[in-house]
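Naming: A, B, ... by sequence-line order, numbering from 1 per chain.
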Amino acid sequence: NAGVTQTPKFQVLKTGQSMTLQCAQDMNHEYMSWYRQDPGMGLRLIHYSVGAGITDQGEVPNGYNVSRSTTEDFPLRLLSAAPSQTSVYFCASSYSQSSFTGELFFGEGSRLTVL
Amino acid sequence: TQLLEQSPQFLSIQEGENLTVYCNSSSVFSSLQWYRQEPGEGPVLLVTVVTGGEVKKLKRLTFQFGDARKDSSLHITAAQPGDTGLYLCAGNQAGTALIFGKGTTLSVSS
């Protein structure tokens, strides 16, 4: 079972560069989300999607774009990387958030360093 | 503003000891979840509590949801080195996405 797959696992960028973190899930989950995890800060929600074609902002959306053209994929784009975006990024999916009790399935994370 | 406050932030204990981790808020939550994360991996769900006063047990782990649905606790009995990890509480409020506390890092030494 693949579950939630994130690529790349590690990436080093220079300030100002752009890149896309890929996330794919094979569980036919409607809900997908992106979190960043920084030391002592827990997980903070960047963007989320409740279905194909629908996205919304989380707590810390600035500097990031998302799109949801298919149920399976939810890429996160960094438009112009900044050192403050150095973090570990997690993609997570859930069958449905409508009941607000759905289990989130996480990928293994993508560690990004911006120099 | 951090809606979910976890305490303690760090906990280092010996094998066999008991411990409790707290997750508190001034807001009411529809449900609360507890996740455990090991280094280099994503969080994995341990339990979901949805009813005020609810108590759930998972082997040596006991989870409680406060009567007013504003707080939760995780109690581990006779901790083992395999319990080492980051414990995260996460809450849903009606109409919003899941938010996480900052986590409690637990280290159990043998």
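Proximity to chain B (any heavy atom under 4.5 Å) is shown, for A:F105, by neither the backbone nor the side chain. When heavy atoms are compared at a cutoff of 4.5 Å, B:Q6 does not approach chain A at all. Of the two parts of A:L43, the backbone and the side chain both hold a non-hydrogen atom closer than 4.5 Å to a non-hydrogen atom of chain B. Only the side chain of A:Q37 has a heavy atom closer than 4.5 Å to any heavy atom of chain B. Looking at B:Y35, only its side chain comes within 4.5 Å of chain A, counting heavy atoms on both sides. For chain A, the nearby part of B:Q9 is the side chain; its heavy atoms alone come within less than 4.5 Å. Only the side chain of B:L86 comes within less than 4.5 Å of a heavy atom of chain A; its backbone N, CA, C and O stay farther away.
Counting only heavy atoms from C-beta outward, the side chains of B:L11 and B:Y87 never approach each other to under 4.5 Å. Taking the side chain as every heavy atom from C-beta outward, A:V4 and A:M27 approach each other to under 4.5 Å.
Taking 4.5 Å as the heavy-atom cut-off, none of the residues of residues 70-80 of chain A approach chain B.
When every heavy atom of A:L115 is checked against every heavy atom of A:T15, the shortest pair comes out as O-OG1, 2.6 Å. Across all non-hydrogen atoms, the minimal contact from A:T86 to A:D38 is O-OD1, 3.4 Å. Residue B:E41 comes nearest to B:Q37 through the heavy atom pair O-NE2, 2.9 Å, listed as atom of the first residue, atom of the second, then distance.
Between chain A and the options B:G91, B:A90, B:G103, B:P43, heavy-atom pairs under 4.5 Å are most frequent for B:P43. Among A:G107, A:G40, A:G109, A:S33, the residue with the largest count of heavy-atom pairs under 4.5 Å with chain B is A:G40.
In this structure B:K57 satisfies the salt bridge (charged side-chain N to carboxylate O under 4.0 Å, His left out) test with no other residue, sequence neighbours excluded. For A:R111, there are no salt bridge (charged side-chain N to carboxylate O under 4.0 Å, His left out) partners, not counting sequence neighbours.
In this structure, the side chain of A:H47 does not engage the main chain of A:G58 through any donor-acceptor pair within 3.5 Å.
Each disulfide bond (SG atoms under 2.5 Å apart) pair with one or both residues in residues 11-55 of chain B, not counting sequence neighbours, appears once here: B:C23-B:C89.
Counting non-hydrogen atoms of other residues, nucleotides and ligands closer than 6.0 Å to CD of B:Q64 gives a total above 12.
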